[in-house]
Asks: 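The structure is given below, and queries will be raised subsequently.
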Amino acid sequence: MIYFRKPIEGIERPQMEADVTIVGGGPAGMACALRLSQLIDKHNRRYPDAPLSKENINVLEKAREIGQHCLSGALLDPRSMDELLPGWRREAPLDAEVEHEGVFYLTKKKAHRLPITPPPMRDHGNYVISINRFTKWLGEKVEQAGITIFTGFAGSELLFDGDRVTGVRTDDKGMDKANQPKSNFEPGYDLKSKITVLAEGTRGSLTKQLVGRLDLDKHRNPQVYGVGVKELWEVPSGRIRKGEVIYTLGWPLTTKEYGGSWIYGSKDSIVSMGFVTGLDYADPRLDPQRVLQQFKTHPYIAHLLEGGKMIRYGAKTMPYGGWWSMPPLAGDGWMIIGDGAGFLNSQRLKGIHLGIKSGMLAAEAAFEALLANNFSAAQLKSFKEKVDASWVKDELWEVRNFHQGFENGLLHGLFHATLQQLTGGRGLHAIYTTEAGHRRMKHLDQLPADGGNRAQLLGKAKGDGKLTFDKLTDLYHSGTKHEEDQPSHLVIHDTNICNTRCVVEFGNPCQHFCPANVYEMEEAGDVPHGKSIHLNPSNCVHCKTCDIMDPYEIITWVPPEGGGGPNYDGM
Ligand code: SF4
């Protein structure tokens with residue numbers, strides 16, 4: 001029996017009032033808080049007799065410490081930071097400025113360098129950063145500005161009055177596996193808020209609730225995603241230059257899967273490397289963690305890492321759908337910013353600068369709403385107007401059809417991308433449509449039993465313990481920890497489907513697409529096919545792949561008790 005979180009009914013919950021609650025303390029949420037604080041400071045200097053208070057502006061962050069759950073490549077385009085905090089370079093944790101780039105097409109044995117680096121991959125002037133250290137630093141700025149950040153608090157549900165969002169309920173703490181209160185039980189707060197800003201990152205759980213309840217994905221392309229699986233390596237000095245950026249296409253993926261790698265030379269001979277696999281592949285046995293392991297065995301990559309040591313691991317999904325997949329950005333009492341809304345340029349593989357800018361623009365809309373004392377959709381729609389009038393729209397408009405062009409494989413994709421480049425992003429059609437990635441997964445009986453030319457991508461990696469690793473070894477390097485005695489935060493709505501249909505039709509792809517070994521099929525006597533689903537929720541690195549890629553859409557990721565999750569450092 002799998003238990004899952006159900007809010008306890010009929011208990012008294014503490015109430016708190018807020019003007020603005022920002023759910024999620026990543027770069028977008030922090031930028032929103034900081035910009036709002038700046039605007040209030042400016043207003044209060046100008047109108048000392050009619051000051052606005054910052055006391056009732058809060059950030060909720062599910063991690064125990066700011067930045068602990070943040071993961072990215074990460075390369076920072078400095079554009080939005082220049083607007084948010086002039087002079088920020090002097091104090092921000094920047095590991096290296098990009099000075100060299102190369103793009104390679106890999107075949108099984110060879111690495112072919114493209115003679116010219118395509119303009120979107122040119123990164124001169126960008127910075128190699130650790131996103132979790134950078135976010136921690138941003139969080140310090142927010143706290144210095146007088147805004148409260150509640151760490152270790154997850155938003156478990158949105159509060160509504162009709163279709164108006166009126167705030168957030170935080171997670172109950174101290175529940176046991178059977179969803180019963182323990183002796184240390186503390187009910188969550190009802191944080192009543194005039195404006196709730198959802199900054200939860202990719203596939204946020206509250207954002208998903210809101211999109212579902214208000215039908216926000218109607219008349220839009222479905223959002224599509226990729227999962228980036230990352231390792232941090234310490235390599236012998238001189239192996240890669242500080243500030244060197246390498247991107248690869250091709251092997252080990254076939255021309256039918258979407259994805260590629262990044263390798264960033266950081267300070268102190270640290271290399272950030274990872275592989276992004278598009279979550280729209282056909283073969284349910286494909287395992288993105290294995291794709292990264294396989295990639296490292298390429299002679300070009302293996303040589304780079306030889307004699308080095310893997311020191312950190314993690315994974316995260318990212319939204320690829322672009323402009324046509326973005327939901328409405330604001331409504332009665334709410335706004336959505338950052339990855340949760342799809343602010344990411346999939347052609348450049350960059351979203352931090354867009355997330356930050358989206359947070360800043362949402363802050364400007366929130367500030368105007370506070371002045372007008374009006375939190376309606378009609379007032380908050382100014383957020384979308386600000387996005388439309390900013391460079392964010394210019395950047396995303398240019399690539400509005402980019403990812404969809406690759407739906408039929410690499411060669412079609414390169415054709416469409418070239419055409420789009422020549423037509424300001426249009427290509428063959430005004431709007432390239434798409435379908436949700438999990439719908440492209442095929443039944444096992446439609447695929448070659450031995451995997452055909454994808455065999456190297458399928459099944460779990462075993463690892464040699466030096467260059468390549470199995471999932472549990474990798475996972476150990478993510479620092480992931482959860483309270484064991486709590487309800488599962490992975491909710492499978494019908495485990496019969498796992499044990500009867502999925503086992504036959506898809507071979508339980510959750511075992512493969514989860515990069516943290518959360519899902520296992522165990523031998524069992526009392527089920528028709530002798531295997532039954534078993535979960536290890538404590539392993540979860542909060543990447544959200546399962547919520548996105550499950551072919552029956554029966555997995556829902558909900559936040560575990562606040563504070564649990566990966567402990568990323570330097571990622
Ligand atoms: Fe990612 Fe889901 Fe696995 Fe957690 S359980 S690591 S969210 S795929």
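Whatever order the structure lists them in is the order used to number ligands and atoms, beginning at 1.
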Asks: Output all residues satisfying side chain to side chain contact (heavy atoms under 4.5 Å, CB included) with A154, sequence neighbours left out; order by chain, then residue number.
Replies: K62, D171, P559

Asks: Would you kindly check if the NZ (Lys) or CZ (Arg) of K173 is within the cone defined by 45 degrees around the ring axis of F153 and under 6.0 Å from the six-membered ring centre?
Replies: yes

Asks: Taking atom types as modelled, is there a side-chain donor on E484 or S538 under 3.5 Å from an acceptor on the other?
Replies: yes

Asks: Per the ring pair (Phe, Tyr, Trp, His ring centres under 6.0 Å) rule, which among Y320, Y225, Y432, W324 passes with H403?
Replies: Y320

Asks: Determine how many protein N/O/S atoms sit closer than 2.8 Å to atom 2 (Fe) of ligand 1, leaving waters out since they are not shown.
Replies: 1

Asks: Are E231 and Q289 close enough that a side-chain donor and a side-chain acceptor fall under 3.5 Å?
Replies: no

Asks: Under 6.0 Å between ring centres, would you say that holds for F295 and F275?
Replies: yes

